[in-house]
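Take a look at the structure set out below.
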Amino acid sequence: MKIYFAGSIRGGREDREIYFSLIQELRKYGTVLTEHFGHESLTDQGDKDVTVEDIYNRDMDWVREADVIVAEVTVPSLGVGYEIGQAEAMKKPVAAFYRQIEGKSLSAMIAGNSYINLFKYSDLTDATQQFETFFKSLEVSE
Ligand code: 6IA
């Protein structure tokens, strides 16, 4: 199972530690192609030696290669929204994980899209259980 984990980069890195923990959990289910997205070294400035074209091409290759897309959508990110849209067009299973934060609400493009498996979670224990539910549902639909 190849998993593409998507999380905000230029949208804001405040949830980086959460991404890191989610990625560690996801590794129980397969290979996380985007394992470095939780790393401290990946800032919203990024690697100066890599062009944006390189990043786009590499990430889209990974989306094509992935069996499933898991996105953390709490911090709004243009890139994450784009990747979810592309994954849907490729008919890949998509799970979006969202933490309710007072005064904020999820984009209707995600919340209102019945193609996306939307999971609302509050902490890592919660997310861990929901990963299990999601990956089990994939086995059934295979
Ligand atoms: O719009 P955002 O930057 O928040 O989009 C985040 C999403 O786009 C992630 O799920 C990644 O798949 C992809 N992405 C955006 N930037 C990068 C990146 N370096 N490296 C890998 N994937 C990325 C950022 C460096 C850049 C600031 C020059």
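Since the model is a prediction, treat every value here as computed from it, not as a measurement. Atoms within each ligand, like the ligands themselves, are counted from 1 in listed order.
Contact analysis leaves Y82 out of contact with ligand 1, as no non-hydrogen atom separation drops below 4.0 angstrom. Under a 4.0 angstrom heavy-atom cut-off, W62 registers as lying outside contact with ligand 1.
Distances below 4.0 Å separate heavy atoms of S77 from the following atoms of ligand 1: 1 (O), 2 (P), 4 (O), 5 (O), 6 (C). Ligand 1 places these atoms under 4.0 Å from at least one heavy atom of S8: 4 (O). Proximity to A6 (heavy-atom distance under 4.0 Å) selects the following atoms of ligand 1: 10 (O). Close approach to G11 involves these atoms of ligand 1, each under 4.0 Å from a residue heavy atom: 2 (P), 4 (O). The atoms of ligand 1 that sit less than 4.0 Å from any heavy atom of F37 are 9 (C), 10 (O), 11 (C), 12 (O), 21 (C), 22 (N). Close approach of ligand 1 to R58 (heavy-atom distance below 4.0 Å) involves ligand atoms 20 (N), 21 (C). Proximity to G7 (heavy-atom distance under 4.0 Å) selects the following atoms of ligand 1: 6 (C), 7 (C), 9 (C), 10 (O).
Taking E65 as the reference, K2 meet the salt bridge (charged side-chain N to carboxylate O under 4.0 Å, His left out) condition, with sequence neighbours excluded. In this structure, the side-chain contact (heavy atoms from CB on, under 4.5 Å) partners of M60, at least two apart in sequence or on a different chain, are Y56, V63, R64, Y82, Q86, M90.
Two rings, from F119 and F97, have their centers less than 6.0 Å apart. No close placement of the Y121 and Y98 rings is indicated, their centers lying 6.0 Å or farther apart. A ring-centre distance under 6.0 Å is found for Y29 and F135.
Looking at heavy atoms from C-beta onward, I3 lies out of side-chain contact with W62 at the 4.5 angstrom threshold.
Only side-chain heavy atoms of D59 come within less than 4.0 Å of ligand 1; its backbone N, CA, C and O stay farther off. Contact annotation: for Y4 versus ligand 1, heavy atoms closer than 4.0 Å belong to the side chain alone.
Each of I55 and L78 belongs to its own hydrophobic cluster when Ile, Leu, Val, Met, Phe, Trp and Tyr are linked at side-chain heavy-atom distances under 4.5 angstrom. One hydrophobic cluster, built from ILVMFWY side chains closer than 4.5 Å, holds both Y115 and L118.
Taking distance alone, with nitrogen or oxygen atoms compared against 3.5 Å, R10 approaches ligand 1 more closely than that limit. Residue contacts with ligand 1: I55 is placed with no nitrogen or oxygen under 3.5 Å of a nitrogen or oxygen of the ligand (distance criterion only). Looking at ligand 1, you'll find an N or O of G79 within less than 3.5 Å of one of its N or O atoms. Inclusion of V52 in the set of residues having an N or O under 3.5 Å from an N or O of ligand 1 is not warranted.
At a threshold of 4.0 Å, the pair R99-D15 counts as salt-bridged, since one of the basic side-chain nitrogens sits closer than that to a carboxylate oxygen. The pair K28-E25 meets the salt-bridge criterion, since a charged nitrogen lies less than 4.0 angstrom from a carboxylate oxygen.
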